[in-house]
Amino acid sequence: MIPLNWYLILGAVLFVIGVLGFFLKRNIIALLLSVEIMLNAVNLTFVAFSSQRGQISGQVFVFFVLVVAAAEAAVGLALVIAMYRNRETLNVDRSNLLKW
Amino acid sequence: MLQSWAPILAFLILVSGFAVVSVIMSYVLGVKNPNPRKLAPYECGMQPTGTARERFSVKFYLVAMLFLLFDIEAVFLFPWAVVYRDLGLFGFFEMVLFIAAILAGYIYVWKKGALEWER
Amino acid sequence: MIEILFFFFAALAVGAAINVLVQKHVLYSALSLIVMLTAMSALFILLQADFLAVIQVIVYAGAIMVLFVFVIMLLNLPEDEDGADRLRWLKFLGIPLGLFLLFLAVVTLWNVERPEVVEAQISGTPELIGRSLFTDYLLPFEATSLLILIALMGAVVFAKKDL
Amino acid sequence: MIEYVTSADFLLMMAKIVGIFGGVMGALAYLTWLERKLMARVQMRPGPTRVGPFGLLQPIADGLKFLFKEDVIPTNANKFLFVLAPIVALIPALLSFSVIPFGPRLQVTDLSVGLLFIFAITSLGVYGIVLGGWASNSKYPLMGAMRSSAQMISYELSLTLSVVGVLMIANTLSLGELVTAQQGTWFGFIPRWNIFLQPVAFVIYVVSAIAETNRLPFDLAESEQELVAGWHTEYSSMKFAMFMLAEYANMVTVSALATILFLGGWTGPMFGPEWLQMVLPTVWFVGKISVFIFFYVLLRSTFPRFRYDQLMRFSWKVLLPLALANILITSLIVALS
């Protein structure tokens, strides 16, 4: 059978990829996609622990993560649209009006 | 439990194989006789004008966003419906509370005019 | 057999996740993420979380990513938004630091005691999840309805004006 | 591993998979013939008659023609996505047949979450359309794709919600158990079908299913007079055939699901000798699906098309509240009984 470690390491790898994406990409939609990668890495860890401990709570938590991801995507993309309407770009470095 | 998913994997391989092979077959067997007119985008025989990459109305975004949020609600309804007999009247009031909140959002969206396509 | 499947889907997930970062056009990134999400759902099946696996596809691939693809399509973005910018040098700092973080995480996780994942320890059927969700986690469940309500209102307010 | 591959279980599974796949592909091919013939009869034409008796060999001729036609990829199309789109559309459409029970034993696998599995993979079908329209890089396909995908997700919502009422009665997500729960009769003559308990849900389901599969009167995506052919305007040869195949496969899937959820699946009167009892459930199942298909074709040949705003309003302002009300009322009745 597959040891728990493997799932945890896979989760860590995906999480790091998400973090890297969040810091290196400049397109705001790509940033949101990176956040989704991180959320998924966490979901995998939740499910792996739930399976290993024999408790369902971990899987219930994934449900709540899904809701948060959905809410984040809905509001985040609405902001993206508003930003594109005003600035004609999605590069987060060029949306610097609030910077001093 | 995993055993019940094994046939799905086999079926997936079969179906994907069929799809990929039929694309390759038509590429191999079909005649190839291209000319610039044939490869131009179809605009009812007129000369193609302008670009196809125009922006769409934000209404499409609103539809997808409403779909996403109501889909989340539907996802909660499935496990609820499956265990409903055990929960009984208690489960009913739980879900009334949940749906009431969603319904408030629905009414808000309706009043805001996000469901109108004419304007 | 299960090990082969695990490595196949794990490699698919990691490859797709890296591809999300590598692709220039954000539509390709989004499509790559869809591949990653389906690979994750296959991993959930290996962990006997059947219900979550299908929910993952329904909500993530079938709704959240549809929203992403819609926004990308209706903005009709130019090919490369990353472009030249003043933070270019971050890449040379960021990738080594990220790999270092990865190294730390992997070493730590490798050294924890290794309890085997016993097969059929628990299977995530809708009945089990529902029973837990609607009794033990009743308050978070009701709170999510408020979260959805607020998200709905926020998104409508931000996007209402015609593009 | 080796023992498993050579075991009788495995061979039986492979036989079922190949049998169901072959049967479905044949049925889909003849569905096109049936539709053309029926439409022709409604419009007082003979329909296909030239190829074979009653034009029965027409689907084979069509298939060969699709294979040997030129494979046109427009110059400014995005080649990779253009080729990918029909594959993405076809795979989920055919994959859903892996969980549908065509008879008591004739089911590839009975997942405990079978119903949601079908919903999950049909929700992936949207990408075939969106990518096809986007990759063509042409005006009509792009507009058709946007319209069609917005329509599909709107009706997918009411489709999903209409099913919840049935689940509250059956308390299972496995398609096999959903069918067996509907065996038997009330008072000896009314079959225990869910349609009698959930008539409103049934109507919502059928209407949404028609819209979901982009059939008339909801085929705004490919309204010939405005958008030529919608998202597959630029497609030709086998790729076009794959889009069509996916569309017909989806039509059969939603009909099969309607049969399983509301009309008792393969249940029906059993009589006759042993061999007939083996065959009868599948006959009932195919018969019930055929009723839906017949209804779809008749709708297509008699109804005018909706306007796009009417279509969206109908989904969001009529079907969605109706489905929610149905859920609440059903749950109240179930809780009190």
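Quick note on labels: first sequence line is chain A, next is B, and so on, each numbered from 1.
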Counting heavy-atom pairs closer than 4.5 Å to chain B, which one of [options] comes out on top?
options                               : value
D:Leu332, D:Ile87, D:Thr172           : D:Leu332
D:Glu156, D:Met146, D:Lys239, D:Met14 : D:Met146
D:Leu167, D:Leu90, D:Val83, D:Leu95   : D:Leu95
D:Val166, D:Val164, D:Leu336          : D:Val164
D:Leu245, D:Asp110, D:Leu116, D:Val18 : D:Leu116
D:Leu161, D:Leu328, D:Leu115          : D:Leu328

State whether the number of non-hydrogen atoms from other residues, nucleotides or ligands found under 6.0 Å of D:Lys65 atom NZ is greater than 12. no
Under 4.5 Å from any heavy atom of chain D - which part of [X]:
X        : answer
B:Tyr106 : side chain
B:Ile102 : neither
B:Ile99  : side chain
B:Phe11  : both

From [X] atom [atom1] to [Y] atom [atom2], the distance as rounded to the nearest 0.5 Å:
X        : Y        : atom1 : atom2 : value
D:Ile333 : B:Phe92  : CD1   : CZ    : 10.0 Å
B:Tyr84  : D:Ile327 : OH    : CD1   : 11.5 Å
B:Leu12  : D:Leu94  : CG    : CG    : 11.0 Å
B:Leu14  : D:Ile20  : CG    : CD1   : 11.5 Å
B:Leu77  : D:Met168 : CG    : CE    : 7.5 Å
B:Tyr27  : D:Leu67  : OH    : CG    : 15.5 Å

As an exercise: rank [options] by heavy-atom pairs under 4.5 Å with chain D and give me the winner.
options                            : answer
B:Met95, B:Glu73, B:Met25, B:Arg85 : B:Arg85
B:Ser16, B:Ala10, B:Ala19, B:Ala81 : B:Ala81
B:Val109, B:Val15, B:Val83         : B:Val15
B:Phe90, B:Phe67, B:Phe78          : B:Phe67

For [X], which atoms come within 4.5 Å of any heavy atom of chain B: side chain, backbone, both, or neither?
X        : value
D:Ser237 : side chain
D:Ile91  : both
D:Lys69  : backbone
D:Ile169 : both

Looking only at heavy atoms, what is the nearest atom pair of [X] and [Y], with distance?
X       : Y        : answer
B:Pro7  : D:Val108 : CB-CG1, 3.4 Å
B:Val63 : D:Ser154 : CG1-OG, 3.5 Å
B:Ile8  : D:Ser98  : CD1-OG, 3.6 Å
B:Phe18 : D:Met25  : CZ-CE, 3.1 Å

Contact check, side chains of B:Trp5 and D:Thr109, non-hydrogen atoms, under 4.5 Å: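 When only atoms from C-beta onward are counted, D:Thr109 and B:Trp5 do not touch, as no gap falls below 4.5 Å.
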side-chain contact (heavy atoms from CB on, under 4.5 Å) between D:Met242 and B:Ser22: does it pass, once the steps are laid out? CA-CA 8 Å; D:Met242 283 161 76; B:Ser22 49; 3.7 Å; yes
Sole candidate of D:Leu111, D:Val113, D:Val99 that passes side-chain contact (heavy atoms from CB on, under 4.5 Å) when paired with B:Ser4: D:Leu111
Would you call the rings of B:Phe70 and D:Trp316 parallel, tilted or perpendicular, taking 30° and 60° as the class edges?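 B:Phe70 and D:Trp316: tilted rings.
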